[in-house]
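Comments concern the structure below.
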Amino acid sequence: MNTTSTNEARASLNFLEQIITNDIAEKKAGGRVHTRFPPEPNGYLHIGHAKSICLNFGLANKFNGKCNLRFDDTNPTKEEQEFVDSIKADVRWLGFDWEDREYYASDYFQQLYDFAVYIIKKGKAYVCEMSAEEISIHRGTPAIPGKLSPWRDRSVEENLDLFERMRKGEFAEGSHVLRARIDMASPNMHMRDPVMYRIMYAHHHRTGNDWCIYPMYDWAHGQSDYLERITHSICTLEFEVHRPLYDWFLDALDIKEDRPRQIEFARLNLTYTVMSKRKLLTLVQEGLVNGWDDPRMPTVSGLRRRGYTPASLRAFAERVGVAKRENVIEVGLLEHCIRENLNRNAPRAMAVFNPVKLIIDNYPEGQTEELPGTLNPEDPESGQRMIPFSKELFIERDDFMEDPPKKFFRLSPGSEVRLKYAYIIRCDSVVKDDEGKVTEIHCTYFPETKSGSGSTRKVKGTLHWVSASHAIEAEVRLYDRLFSVPEPEDPDTVPDGKDFRIHLNPGSLKIVHAYVEPALKVVEAGRHFQFERTGYFISDPDSKPGHLAFNRVVPLRDSWAKKQ
RNA sequence: UGACCGAUGGUGUAACGGUAGCACUACAGUUUUUGGAGCUGUCUGUCCAGGUUCGAAUCCUGGUCGGUCAACCA
């Protein structure tokens, strides 16, 4: 593939790779590259996080660096161990290894406290006794400068004393905060004396009741980066306006060596889905989906249950690229990535979703043949499975038309098709019920056309089938996109008083009771298959002996359906 | 309209003052015991207006459009 890697050939680098390449060339941080993935453990990871994970671990990998997993757990009222566990499982499942570098912002609470004392001593932070509402009012608006806090000019000694007493728990929640003393007239709202610490009498999932003051994100994040000797602190675009503050804190601490650098990129958006934690939570809480791992959810756990593979998600993250421009990726690209992956790796099987009986009139009553079927034509090593064939079969109702249009290559009266791995057949007649619905299709088979016999007879169509008496029943969940419009959050498409929920696709889940070939009888959960001519599927954890359940990952591309 | 950021085919993303390329999508052909997969090909693009330059997607100026920011959230 990479046959042109001469010295002249300039590799195509994204903007992050360019920055890092330059930093290495300039020997910044001694040429080290160290990134981190910093989730807040307050919810489940989604595909946007997956992009960030692939980015941070991928960059470290590419430049011989390291990537830390760091939980940004500075708000005890929102964070839980349950989410720590699920996040770790998801990152690992995606294929990344943080080795022994599992860190928590809460590990640094004492360090952060000492740093704050340092800043207070420099006269650059003060304890403010205004209420949250007062602070908000004093902050002004982007166009109007804020007003100074009456507590802004306390002595260093007084600030030190008050801050220590905050920590000791002498004050009520909300009564005091520590604020950086920056510029209440800054056009950047984040520089208008931002809060560094607030009082919260809350139990923290790791530090328990050791602390009653907790650092804010802006104060904790950059300093945590510094403590971990992070070189490139990569975050999403909305933190761009925080960067001056990120740098201000580093300056206030007189950090000159090993200064981490914040770089922002545009988060992932996907068509036909919503991505914000709040909206996903709404879907779960209102029962619009069946939990966080519902196969229609863009959560990592949902994608996993849907049947997306780690490799397909990594390939996707690679292909969407990374830049600073707002983007909406077509979900078709994601689907392409999983098809590409599963086409090479998923064994084939036959399953009939909407069966109609096909009877081969000239096939001996009671006879069964075991016919070999290639497990995966894309993989010569894959081998075969045996499929029973008999006089009565099920085929897909859609594969028969009594009065077909031109270019219909499937079965119709008088036409010939091949039954995959078996014989060419001709349709002779049909039997209908009182309502005119076809109940039986009668055919003649041609014994000399048996697959593998070297028969050169050609037909236009090939159908999948299962032997009626050998078929196993299975529950098959046909998933489709959760929303019926590309951008469900677009205000232009949402009437007043409504929200994205009106765009929920009512057909996003159809459950059918299918007939599958008997080889599938014993599959355990989590196995991928291609059901020939229909799509890729995975056996669901709901599968039990005697009750098979499959989820459709994605249908096969279908140029016939498209023409219809 | 306070500040900051961004703008390249339908969607993403490259091009670092010198041939606008790649992927997905769409379409066509080829092949095929999956109307799948594969292979080949085609269509469609530098937001606008000026300027600098032999030469501008790239640099400058001014617009336009889009995004972000006013939690004791992250």
Side-chain angles (χ1 to χ4, degrees), chain A residues 10 12-14 18 38-40 42 72-75 77-79 128 130-133 135-137 139-146 173-179 186-192 194-200 213-214 216-218 220-221 235-244 264 266 271 277 318-330 332-337 339-340 343-344 348 350 374 377-378 407-410 417-422 424 449 451-452 455 458-464 486 530-535 555-563:
Chain A
R10 181 189 280 135
S12 176
L13 302 176
N14 66 48
Q18 290 182 20
E40 181 187 13
N42 72 340
D72 224 331
D73 55 351
T74 57
N75 186 347
T77 63
K78 294 191 173 175
E79 295 145 9
C128 180
M130 287 194 291
S131 67
E133 296 86 321
I135 289 177
S136 175
I137 291 162
R139 189 144 30 221
T141 72
I144 302 166
E173 213 166 90
S175 65
H176 295 65
V177 290
L178 183 71
R179 291 227 262 168
S186 171
N188 182 340
M189 298 296 287
H190 297 278
M191 300 298 272
R192 319 245 267 224
V195 172
M196 294 171 66
Y197 277 96
R198 74 282 214 195
I199 298 170
M200 300 174 102
I213 59 172
Y214 290 92
M216 299 289 289
Y217 165 85
D218 286 297
H221 200 90
C235 63
T236 47
L237 242 32
E238 67 267 28
F239 290 100
E240 206 154 24
V241 282
H242 294 237
R243 186 166 17 129
E264 310 84 14
T271 56
K277 266 182 194 172
E318 182 66 34
R319 282 179 207 215
V320 298
V322 55
K324 295 192 70 164
R325 154 179 31 163
E326 299 284 340
N327 61 80
V328 184
I329 306 292
E330 290 175 343
L333 181 61
L334 216 209
E335 295 173 345
H336 166 79
C337 291
R339 285 194 189 105
E340 181 185 50
N343 178 45
R344 287 195 306 268
R348 315 279 122 132
M350 293 197 284
T374 307
E378 305 293 321
K407 299 268 190 171
F408 183 77
F409 299 155
R410 282 112 98 141
V417 296
R418 175 172 286 282
L419 294 174
K420 179 106 183 170
Y421 306 125
I424 292 178
T449 61
S451 287
S455 162
K458 295 286 179 206
V459 287
K460 285 239 181 69
T462 300
L463 307 187
H464 62 278
Q530 184 200 94
F531 289 164
E532 304 223 32
R533 304 212 299 137
T534 56
L556 244 30
R557 292 185 63 189
D558 186 348
S559 55
W560 168 246
K562 215 177 293 181
K563 274 187 204 155

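Note on naming: letters A, B, ... go to the chains in the order of the sequence lines (proteins, then strands), and numbering restarts at 1 for each one. Please read these numbers as outputs of a predicted model, since none were measured by experiment.
Summarising the geometry of A:Met216 relative to A:Val195, their closest heavy-atom pair is CG-O, 3.2 Å, with the distance given to 0.1 Å. Nearest heavy atom pair, residue A:Val417 against residue A:Val459, reads C-CG2, 3.9 Å. The shortest heavy-atom contact between A:Ile144 and A:Arg192 is O-NH2, 2.6 Å.
Taking atom P in both B:U34 and B:G45, one finds a spacing of 37 Å when rounded to whole Å. Straight-line distance between the C1' atoms of B:U46 and B:G9: roughly 10 Å, to the nearest whole Å. Going from the C1' atom of B:A57 to that of B:U13 covers 14 Å, rounded to whole Å. Atom name P, nucleotides B:A7 and B:C47: the rounded distance is 9 Å, in whole Å. Distance noted for atom P between B:A37 and B:U25: 9 Å (whole Å). B:U11 and B:A71: their C1' atoms are spaced 35 Å apart (whole Å). Comparing the same atom, P, in B:G67 and in B:G12 gives a spacing of 14 Å after rounding to whole Å. Across the P atoms, B:G21 and B:U42 are found 12 Å apart, a figure rounded to whole Å.
One can find a donor-acceptor pair under 3.5 Å joining the base of B:G35 and the side-chain atoms of A:Arg410. One can find a donor-acceptor pair under 3.5 Å joining the base of B:G10 and the side-chain atoms of A:Glu330. Side chain A:Glu378 to base B:G36: a donor-acceptor pair is found below 3.5 Å. Side-chain atoms of A:Arg418 and base atoms of B:U33 include a donor and an acceptor less than 3.5 Å apart. A donor-acceptor contact under 3.5 Å links the side chain of A:Gln18 to the base of B:C16. One N or O donor and one acceptor, one from the side chain of A:Arg348 and one from the base of B:U34, sit under 3.5 Å apart.
Listed nucleotides B:U13, B:C69, B:C73 differ in distance to A:Glu40; the shortest reach to its side chain belongs to B:C73. Distance from the side chain of A:Lys458 is smallest to B:U33 among B:U33, B:G35, B:C5. Taking only side-chain atoms of A:Thr462, from C-beta outward, the nucleotide of B:G36, B:C69, B:G35 with the closest atom is B:G35. Nearest to the side-chain atoms of A:Lys562 among the listed nucleotides B:C73, B:A26, B:U13 stands B:A26.
If you check B:A23 for Watson-Crick or wobble pairing at under 3.5 angstrom, you find it paired to B:U11. Nucleotide B:U46 forms a pair with no other nucleotide shown, judged by Watson-Crick or G-U wobble geometry with both contacts under 3.5 Å. Nucleotide B:G35: unpaired (no Watson-Crick or G-U wobble partner with both distances less than 3.5 Å). When both pairing distances are held under 3.5 Å, B:A56 makes no Watson-Crick or G-U pair with any nucleotide shown. With a cut-off of 3.5 Å on both Watson-Crick or G-U wobble distances, the partner of B:A71 is given as none. Using the Watson-Crick or G-U wobble rule with both distances under 3.5 Å, B:G17 pairs with nothing in any strand shown. Nucleotide B:C65: paired with B:G6 (Watson-Crick or G-U wobble, both distances less than 3.5 Å).
Between A:Phe531 atom CZ and B:G36 atom C1' the separation is 15 Å, expressed in whole Å. Note: CD1 (A:Ile144) to P (B:A70) measures 15 Å, nearest angstrom. For the pair A:Glu238 CD and B:A3 P, the computed distance is 22 Å after rounding to whole Å. The CG atom of A:Asp218 sits 13 Å away from the P atom of B:A71 (whole-angstrom rounding). Taking atom CG on A:Asn14 and atom P on B:G6, their separation rounds to 15 Å, with Å as the unit. Atom NE2 of A:His242 and atom P of B:C73 are 13 Å apart (whole Å). The interatomic distance linking A:Asn343 (CG) with B:C39 (P) rounds to 11 Å, in whole Å.
Residue A:Leu556 is in base contact, counting any heavy-atom pair closer than 4.0 Å across all strands shown. Among the protein residues, A:Thr141 comes within range of the nucleic acid bases, having at least one heavy atom under 4.0 Å from a base atom.
The side chain of A:Arg198 places an N or O atom within less than 4.0 Å of a non-bridging phosphate oxygen (OP1 or OP2) of B:C73. The phosphate of B:A3 has neither OP1 nor OP2 within less than 4.0 Å of any side-chain N or O from A:Ser186. Between A:Arg139 and B:C72 there is a side-chain polar atom (N or O) within less than 4.0 angstrom of OP1 or OP2. Here A:Thr534 does not reach the OP1 or OP2 of B:G36: none of its side-chain N or O atoms lies under 4.0 Å away. Not one side-chain nitrogen or oxygen of A:Ser131 sits closer than 4.0 Å to the OP1 or OP2 atom of B:C72. Between A:Arg319 and B:U11 there is no side-chain polar atom (N or O) within less than 4.0 angstrom of OP1 or OP2. Applying the 4.0 Å criterion to OP1 and OP2 of B:A3, one finds that A:Arg243 has every side-chain N and O outside that range. For B:G35, one of the phosphate oxygens OP1 or OP2 lies less than 4.0 angstrom from a side-chain nitrogen or oxygen of A:Arg533.
Ion pairing between A:Glu40 and A:Lys78 fails under the 4.0 Å rule for side-chain N and carboxylate O. With respect to A:Lys324 and A:Glu240, a salt bridge is recorded, a charged nitrogen being found less than 4.0 Å from a carboxylate O.
Evaluation of A:Trp560 against the base of B:G35 yields a stacking contact (centre distance < 5.5 Å, interplanar angle < 30°).
In this structure a side-chain-to-backbone donor-acceptor pair under 3.5 Å is missing from A:Thr236 to A:Ala266.
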Inset, instruction - With salt bridge (charged side-chain N to carboxylate O under 4.0 Å, His left out) as the test, would you mind laying out the steps for A:Arg348 and A:Glu378 before giving the verdict? - result: CA-CA 10 Å; A:Arg348 315 279 122 132; A:Glu378 305 293 321; 5.0 Å; no

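Atoms OH and CG, from A:Tyr217 and A:Asn75 in turn, are 14.0 Å apart once rounded to the nearest 0.5 Å.
Syn is the classification of B:A71, since its glycosidic angle stays within 90° of 0.
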